[in-house]
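Encoded as structure tokens, the structure appears first; notes follow it.
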There are 2 protein chains.
Amino acid sequence: MNAQSATRKTFRREGEDKRREDLIAATLECVAERGLAGATVREIAQRADVTAGLIRYYFPTKDDLIGAAYRAVMNRMTVQASDALQNAADDPRSRLQAFVTANLGAPIMDPHNLSLWAGFIALVHADPAMATAHRDGYLGFRDELEILIREALRAAGKPAERIHTRRHAIAINAIIDGLWLEGCLAGDIFEDGELAETGVAAIEAVLGISLQAEGGAQ
Amino acid sequence: MNAQSATRKTFRREGEDKRREDLIAATLECVAERGLAGATVREIAQRADVTAGLIRYYFPTKDDLIGAAYRAVMNRMTVQASDALQNAADDPRSRLQAFVTANLGAPIMDPHNLSLWAGFIALVHADPAMATAHRDGYLGFRDELEILIREALRAAGKPAERIHTRRHAIAINAIIDGLWLEGCLAGDIFEDGELAETGVAAIEAVLGISLQAEGGAQ
DNA sequence: AGAGTATTTATACGCTTGCATAATTAGAGC
DNA sequence: GCTCTAATTATGCAAGCGTATAAATACTCT
């Protein structure tokens, strides 16, 4: 059987979508374990149980794969946050609280996510296409947040004009980002749920309302 | 003159400190221009007008140089923020405001700084030495902030016990970080000084005091 | 001025990287 | 079951990387 030479690797032909997903997943594993520098074409291929050449068949260049992986992560985080909203109560204040809490806990607040995100941000500066991709993501997030804020303010009987909600969205977005960052970088020096609590409290202070539907000031 | 062969590069012997600084500066230029990946030993050496081998004479390994560069950036930003405090008024509330404003304006809030910072953060996950280096920097910043907060609260006649100031420091640190991030990434979509104003307002809300010395509630 | 040394240059090595390309093969369609 | 094609493997290349090391040289000290 093995008389002659090393036998050629057997393989299955997968659907295009499945392969792309697998390759992206493998990329994320590599980045998670050894950082962006550890995500080499060969390492990714091995992780996906595929030979290196195949990567180029689906992604013209390595940067394309990395870019796809970045978008996948950002999208995943967005979806996870939105899921939390689906399961939240009806009251807009509860919904805002749920959104914040979701963003400041597992699995969104995770060192791996930060690694990937930071690696990308570092590239943004050199690559304009990546820059606009990121900006769109940021503005999308902020817009979603602004809607939640407006509805929470209305539910509390507070004025919610655009001029105010914009500023509030900027500030609250900063609070979420900043705490997310702290938690990803050094989650172990905070108690469980401390960052989420801190975030909710800070946001309540900024908006001047309670996010507990029960105790909400009229 | 040039008959025989390429003449050997002439050089000057610089002091150890000067050389280290030059090499770090060259490293930062490289990172700023083409990202961490662009900061190769050869590129750095060329930028410092030195041959590559010399780098190893001062830094045993490239990672050591990168680490030193990271600490230099963080230190530079810290110093710039502290400078703003030197020139601030005596009132603790004014000092806190000056600190925040300094961190949310030029030259600290700069895309280059973000590029550098993000590139290093991406490494933190894989490199434990870098991780502790970063944690120390973060805690140092937060401690400085906590002192400013405590004094501002006292000046406003508010309780300033450790339990509260810790939480406040975490939240306000997040506000500063988050706004700094937004400004670095997309400074052009904000008006001049908008982020600093937003930050100060949010912090006032969180602390429940005014940072304007004049209008401060007793 | 001459000797000694720390600093700097120069060169090369081994490795890894991304990318290209030719050879193979699994699976769909007739 | 045969054929045809698209998916996959295998192999190789040129470039760039960090690092090691030996030779050269600028400066210090006497």
Side-chain angles (χ1 to χ4, degrees), chain A residues 1-2 4-27 30-31 33-69 119 123 126-127, chain B residues 2 4-27 30-31 33-69 119 122-123 126-127 129-130:
Chain A
M1 306 303 183
N2 55 4
Q4 175 80 358
S5 67
T7 55
R8 204 180 169 91
K9 180 178 190 285
T10 81
F11 61 91
R12 285 186 51 209
R13 302 181 132 185
E14 297 283 0
E16 172 167 344
D17 291 347
K18 174 75 161 57
R19 268 285 188 257
R20 292 187 107 89
E21 285 172 20
D22 284 354
L23 289 175
I24 288 175
T27 304
C30 289
V31 174
E33 281 190 19
R34 313 203 289 111
L36 249 192
T40 70
V41 171
R42 285 166 176 82
E43 183 76 22
I44 293 169
Q46 184 176 350
R47 183 93 46 163
D49 194 31
V50 140
T51 55
L54 188 61
I55 290 183
R56 219 176 76 84
Y57 185 77
Y58 287 101
F59 299 93
T61 176
K62 187 196 169 188
D63 285 345
D64 291 305
L65 171 56
I66 300 289
L123 296 184
D127 183 350
Chain B
N2 55 3
Q4 176 81 0
S5 68
T7 55
R8 203 179 169 91
K9 180 178 190 284
T10 79
F11 61 91
R12 285 186 51 208
R13 301 181 130 184
E14 296 283 359
E16 171 167 345
D17 291 346
K18 174 75 161 56
R19 267 285 189 256
R20 293 187 105 91
E21 285 171 20
D22 284 353
L23 288 176
I24 288 175
T27 304
C30 289
V31 176
E33 279 190 22
R34 312 204 290 110
L36 248 192
T40 70
V41 171
R42 286 167 176 82
E43 183 76 22
I44 293 169
Q46 184 175 351
R47 183 93 48 162
D49 194 31
V50 141
T51 55
L54 188 61
I55 290 183
R56 221 176 76 83
Y57 186 78
Y58 287 101
F59 300 93
T61 176
K62 188 198 169 187
D63 285 345
D64 291 306
L65 170 57
I66 299 290
L123 296 184
D127 183 350
M130 199 74 82

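A, B, ... follow the sequence lines: proteins, then strands. Residue 1 opens every chain. Heavy atoms only: backbone and side chains are in, while hydrogens, waters and symmetry mates are out.
Regarding contacts with the backbone of D:dA10, every side-chain N or O of A:T51 stays at 4.0 angstrom or more from both OP1 and OP2. Under 4.0 angstrom from either OP1 or OP2 of C:dT8 there lies at least one side-chain N or O belonging to B:Y58. Checking the phosphate oxygens (OP1, OP2) of C:dT7, a side-chain nitrogen or oxygen of B:Y57 falls inside 4.0 Å.
Here D:dT8 presents its P atom at 10 Å from CG of A:D22, a figure rounded to the nearest Å. If you measure from atom CD1 of B:I55 to atom P of D:dG18, you get 9 Å, rounded to the nearest angstrom. Atom-to-atom, NZ of B:K18 to C1' of C:dT8 comes out at 15 Å; the value is rounded to the nearest Å. Whole-Å rounding puts the A:I44 CD1 to C:dG18 P distance at 8 Å. Distance, B:D64 CG to D:dG18 C1': 13 Å, rounded to whole Å. Atom C1' of nucleotide C:dT7 and atom CG of B:D49 are separated by 15 Å, given to the nearest angstrom. Atom pair B:L36:CG and D:dG18:P shows a separation of 11 Å (rounding to whole Å applied).
Here the side chain of A:T40 is nearest to one of C:dT8, D:dG18, C:dT17, namely C:dT17.
Within the 4.5 Å cutoff, the side chain of A:D22 has no heavy atoms near those of the A:D49 side chain. Contact annotation: the side chain of B:E33 approaches that of B:R47 to within less than 4.5 Å [non-hydrogen atoms, C-beta and beyond]. You'll find the side chain of B:V50 reaches within 4.5 Å of the side chain of B:R19, heavy atoms only.
Using a 4.0 Å heavy-atom criterion, one finds that A:E16 contacts no nucleic acid atom at all.
Of the two residues contacting DNA chain D, namely B:A37 and A:R19, the nearest-nucleotide position lying further toward the 5' end is that of A:R19.
In terms of heavy-atom proximity, A:K62 sits nearest to A:T40 at NZ-CA, 4.3 Å.
Side-chain atoms of B:R42 never come within 3.5 Å of backbone atoms of B:A52 as a donor-acceptor pair (strictly under, hydrogens ignored).
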How does protein reach along nucleotides 19-29 of chain D, written 5' to 3' as B (base within reach of a heavy atom under 4.0 Å), S (only sugar-phosphate), or - (no contact)?
BBB-BSSBB--
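Within a 6.0 Å sphere centred on CG of A:D64, other residues, nucleotides and ligands contribute more than 12 heavy atoms.
The pair A:E14-A:R12 meets the salt-bridge criterion, with a side-chain N (NZ, NE, NH1 or NH2) lying under 4.0 Å from an Asp/Glu carboxylate O.
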